[in-house]
Amino acid sequence: MSRMPESSVSTKLVIGNWKMHGGLRSNEVLLNALVDGMKSMPPGLKVGVCVPFPYLAQANALLAGSRVEWGVQDLSSHHEGAYTGEVSAVMAADFGTRYAIVGHSERREYHREGAILVAEKAERALEAGLTPIVCVGETAEEREYAFTERVLSAQLSAVLDRLSVEQAASMVLAYEPVWAIGSGTSAGVDDVRDVHAFLRGQLAAKGEAVGRIPVLYGGSLKPENAAALFAVPNVDGGLVGGASLSADKFLPICEAGAGQWALG
Ligand code: PEP
């Protein structure tokens, strides 16, 4: 395992990934509750929600000027053109979008997205002024065969090889073990500590500033386990799926990040 210095990020970043959930009415209730809930959180905490494309305008309208930022869950790897059904990074940016998740395991698996395509998407996001949240993670089988580091390294290096040091220093990395996503059981604290230290080392090898980017943990984060996972060295926040669909669950997770804030 790497002996790189631990994260120097002193604020937690908590991002909700709504996946293919939502509706105009329910979104309004949820987004308003998040805006209200964030008013009493410590200033260092950063929170965002990645919504389905049709709700970007609604997120822009309801969240602008609040402490909740918004993002998309995917992007086209192309700039523009005859790519039916695709949405470009520039289009997303038109709606005040801050974040773009790229390389989520559901995209890698169900849409056969490979490492190079994910790297291109990260590059498109950065060119449009968005912050890509690059997801990496191993399957249960890969973990069983002790391939975790090899898999993560291949996924991450495709992105780092494509980006300049300056670009890579502007991204966010999310470690999302595929076997933990939606399972109800997160990865254990010891596993997360080891993997995040490994990822920190890989990032730092690209450049000092890259070694300091936020590295999030994702996979069955919930109010009951968030504080313990956020306290792990090199965990700079979380990517939250199911629990981001309810303010009653998402806000306590954010609060767990706020609780870590003073500790740095
Ligand atoms: C995700 O899909 O990004 C995720 C973290 O999902 P969940 O929190 O539901 O495991």
Side-chain angles (χ1 to χ4, degrees), residues 12-22 26-27 30 34 46-53 55 59 68-75 97-113 118 121-122 125 130-140 142-143 148 151-152 155-156 159 171-189 191-192 195-196 199 213-230 232 234-257:
K12 298 293 182 197
L13 172 64
V14 183
I15 301 287
N17 171 15
W18 287 6
K19 311 194 185 192
M20 201 169 72
H21 293 287
S26 58
N27 297 349
L30 174 54
L34 298 184
K46 288 188 182 166
V47 168
V49 286
C50 290
V51 304
F53 290 123
Y55 301 129
V68 184
E69 297 183 291
W70 57 100
V72 291
Q73 302 166 19
D74 185 37
L75 282 176
T97 302
R98 168 75 196 272
Y99 297 105
I101 296 173
V102 296
H104 191 282
S105 59
E106 287 154 15
R107 300 291 315 175
R108 291 184 195 262
E109 184 183 352
Y110 306 144
H111 301 271
R112 294 180 175 47
E113 294 194 0
V118 172
K121 290 183 175 198
L130 310 184
T131 300
I133 300 171
V134 177
C135 299
V136 296
E138 82 287 3
T139 64
E142 288 161 347
R143 178 172 189 253
T148 297
V151 168
L152 299 180
Q155 292 174 344
L156 180 56
V159 175
M171 66 179 221
V172 170
L173 181 64
Y175 169 54
E176 296 211 302
V178 180
W179 46 273
I181 293 177
S183 69
T185 307
S186 73
V189 162
D191 279 346
V192 173
V195 170
H196 278 240
L199 292 172
I213 67 167
V215 182
L216 312 183
Y217 167 78
S220 295
L221 264 169
K222 41 193 174 185
E224 298 78 22
N225 60 20
L229 287 159
F230 289 167
V232 173
N234 292 306
V235 173
D236 304 309
L239 184 54
V240 187
S244 71
L245 297 173
S246 138
D248 288 349
K249 290 185 181 157
F250 191 57
L251 283 170
I253 295 173
C254 296
E255 207 164 6

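Whatever order the structure lists ligands and atoms in, that order sets their numbers, starting from 1.
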| request: List the steps and the verdict of side-chain contact (heavy atoms from CB on, under 4.5 Å) for L199 and N234. | output: CA-CA 9 Å; L199 292 172; N234 292 306; over 6 Å; no

| field | Side chains of V159 and L173 in contact at under 4.5 Å (non-hydrogen atoms) | value | no

| task | Please assess L221 against F230 for the test side-chain contact (heavy atoms from CB on, under 4.5 Å), listing each intermediate value before the final yes or no. | result | CA-CA 10 Å; L221 264 169; F230 289 167; 4.1 Å; yes

| field | Test item: R108 side-chain N/O and G103 main-chain N/O as donor-acceptor pair under 3.5 Å | value | yes

| query | Any idea how H196 and Y175 line up, ring-wise: parallel (<30°), tilted (30 to 60°), or perpendicular (>60°)? | reply | perpendicular

| Heavy-atom side-chain contact between F250 and L30 under 4.5 Å | no

Short N or O contacts of ligand 1 with protein, under 3.5 Å, listed by atom name?
residue, atom, partner, partner atom, Å
ligand 1, 2 (O), K19, NZ, 2.5
ligand 1, 2 (O), H104, NE2, 2.7
ligand 1, 3 (O), H104, NE2, 2.9
ligand 1, 3 (O), E176, OE1, 3.1
ligand 1, 3 (O), E176, OE2, 2.8
ligand 1, 8 (O), G241, N, 2.8
ligand 1, 9 (O), G242, N, 2.9
ligand 1, 10 (O), G182, N, 2.7
ligand 1, 10 (O), S220, N, 2.7

